Amino acid sequence: MTGRLPPGVLLAFPATAGSPVAAATVAVPLAGVSRPAVLVAPLAAAAWARAVAAAARADGVDCRAEPVMSADLAGVTAEVVGADRAVLRALPEWFRRARAAPEPGIADRLRAECLNRLSSPRERGSDDVRRALFGSRHRYGIVHGERVRAVQEAGERELSAAADELLAERPAAPARDGAPAATARFPRGERRSVSIAGAGACCLLGTPGVPLGSAEKFPLHVAWALLGGREGLLDRRLRRERGLTYSLAAFSRELAEGGYGMCFAACRPGALDEVAGCVAETLGGLGGDAVAPALLRSAKERLVVQWHRAAQAERGRAERIAGYAAAGLGPADFAAYPAGIAAVTAEDVRAAAAAFLCPVAALELRMVPAAGR
């Protein structure tokens, strides 16, 4: 790569052979950043993306630049046609030039676009789980509404201050031993009910997880794959056997400093108690029951196929490698995921489920229609 990046800034340039579209990602980790700067980081990433595209055009390069934002990093992904891959070596220089003071009025021009990117239903759905597990002070505990308000209210001063802090040198990335964040906490059997609009109801169960650098993520991923999906244990027991649910999701997330898992089951209000009991029973049973070899093999195959699909585009590879770098991991750790999943045994799954999916350590959130409370 040409140009130099500030200390701590992450660069991912996978250079996949034969890819029709080449991509590279430059990003800054959010560890050690103040809450106000983390909240405005989506707006800063959008401003950097626009400035990187302008810097590329000034050099005669037709380049698409898009903001990248996750719980662990903020940055830009640049894409060009595969035949022009070599021009992406200038990305550090384009990013260096993008670090100049934001152009006047940029916050107002980017606000609507930025808010649209923040509208992911999946992220909103995990708000209560992340807040319960990590607390309100950790960045993982930031909820959707809080971030939206910050972006809506941020002006040029707030954007400039956030960009300056994001680009300042900070401590190194977390150690790769996968130790959980010191601020993380377990809800330990916490139960809540909240009112929602509409006539339906749902049961949301959140559990502690592991950081991205932990080797336990492999059996834990397989455990959640056994539970989720159209042919997963939860779907079989809740929908096929009992006809209780009309929408179901189950998955885990690993971040640089911690992780979580969650199950979301939508049903009619009258079935809520039965659904909640069945979800808890199924999660708890996975830690003690024998796992059928065919189910284990199918869950592992689905995870490996999903990984390859997600990594098929060079942009996906670049952004995931940057995410691994934010956790103190390298491209080899990212590439090792399929082999890590393939090595998981039934005993590994039972141990992971017993440690992390135990219902007494979970947050149960029941969402009921406001009129039915």
Side-chain angles (χ1 to χ4, degrees), residues 120-136 141 143-145 185-209 220-253 259-292 295 299 349-350 352-373:
S120 166
R122 174 171 287 183
E123 291 304 314
R124 293 200 301 273
S126 68
D127 277 355
D128 293 286
V129 172
R130 291 183 288 100
R131 177 61 65 91
L133 287 172
F134 299 102
S136 60
V143 297
H144 176 74
R185 63 185 182 89
F186 294 167
R188 300 204 180 281
E190 193 172 338
R191 302 289 183 266
R192 301 180 192 168
S193 290
V194 297
S195 298
I196 57 174
C202 66
C203 173
L204 186 154
L205 196 72
T207 66
L220 196 55
H221 260 197
V222 175
W224 279 104
L226 284 164
L227 292 165
R230 195 64 174 172
E231 293 300 317
L233 296 175
L234 287 170
D235 181 74
R236 292 183 180 196
R237 295 175 184 178
L238 290 169
R239 184 184 63 85
R240 291 173 55 183
E241 294 178 8
R242 307 187 190 187
L244 294 173
T245 58
Y246 55 84
S247 180
L248 180 69
F251 58 89
S252 64
R253 291 285 179 270
Y260 63 93
M262 61 181 288
C263 167
F264 178 94
C267 62
R268 55 186 174 82
L272 192 54
D273 287 342
E274 188 176 358
V275 167
C278 187
V279 168
E281 178 185 350
T282 304
L283 266 67
L286 194 59
D289 297 342
V291 179
L295 286 178
V349 172
R350 285 199 300 272
F356 297 101
L357 304 185
C358 179
V360 298
L363 162 70
E364 181 186 295
L365 185 67
R366 298 189 180 196
M367 303 176 187
V368 298
R373 292 205 69 183

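A quick note: this is a predicted structure, and the numbers were derived from the prediction, not measured.
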Full working for side-chain contact (heavy atoms from CB on, under 4.5 Å) between His221 and Ser252:
CA-CA 7 Å; His221 260 197; Ser252 64; 2.9 Å; yes
Salt bridge (charged side-chain N to carboxylate O under 4.0 Å, His left out) against Arg240, all qualifying residues, sequence neighbours excluded
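Counting only residues at least two positions away or on another chain, Arg240 forms a salt bridge (charged side-chain N to carboxylate O under 4.0 Å, His left out) with Glu231.
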To the closest 0.5 Å, what do you measure between OG1 (Thr245) and CG (Leu234)?
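It comes to 8.5 Å.
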Just verifying a value: how many Å separate Met262 CE and Leu204 CG, rounded to the nearest 0.5 Å?
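Atom-to-atom, Met262:CE and Leu204:CG are 4.0 Å apart.
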Could you give me the CA-CA distance, side-chain angles and deciding distance for Glu241 and Asp235, then say whether side-chain contact (heavy atoms from CB on, under 4.5 Å) is met?
CA-CA 9 Å; Glu241 294 178 8; Asp235 181 74; over 6 Å; no
Quick check: closest heavy atoms across Gly209 and Phe356, and the distance to 0.1 Å?
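Minimum heavy-atom contact is O-CE2, 3.8 Å.
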Looking at every non-hydrogen atom in both residues, tell me the closest pair between Ala290 and Arg350 and how far apart they are.
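It is CA-NH1, 4.0 Å.
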Determine yes or no for a side-chain-to-main-chain donor-acceptor pair under 3.5 angstrom, with Asp127 supplying the side chain and His144 the backbone.
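Yes, Asp127 side chain to His144 backbone: donor-acceptor pair under 3.5 Å.
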Which atom pairs, donor and acceptor, lie under 3.5 Å between side-chain atoms of residues 263-286 and protein residues at least two apart or in another chain?
unit_1, atom_1, unit_2, atom_2, d
Asp273, OD1, Arg366, NH1, 2.3
Thr282, OG1, Cys278, O, 2.7

Set out, in order, the CA-CA distance, both residues' side-chain angles and the distance that settles side-chain contact (heavy atoms from CB on, under 4.5 Å) for Leu295 and Leu233, then state yes or no.
CA-CA 9 Å; Leu295 286 178; Leu233 296 175; 4.1 Å; yes
With a 4.5 Å cut-off on side-chain heavy atoms, are [Y] and [X] touching?
X      : Y      : value
Leu357 : Leu227 : yes
Tyr260 : Leu363 : no
Arg239 : Arg230 : yes

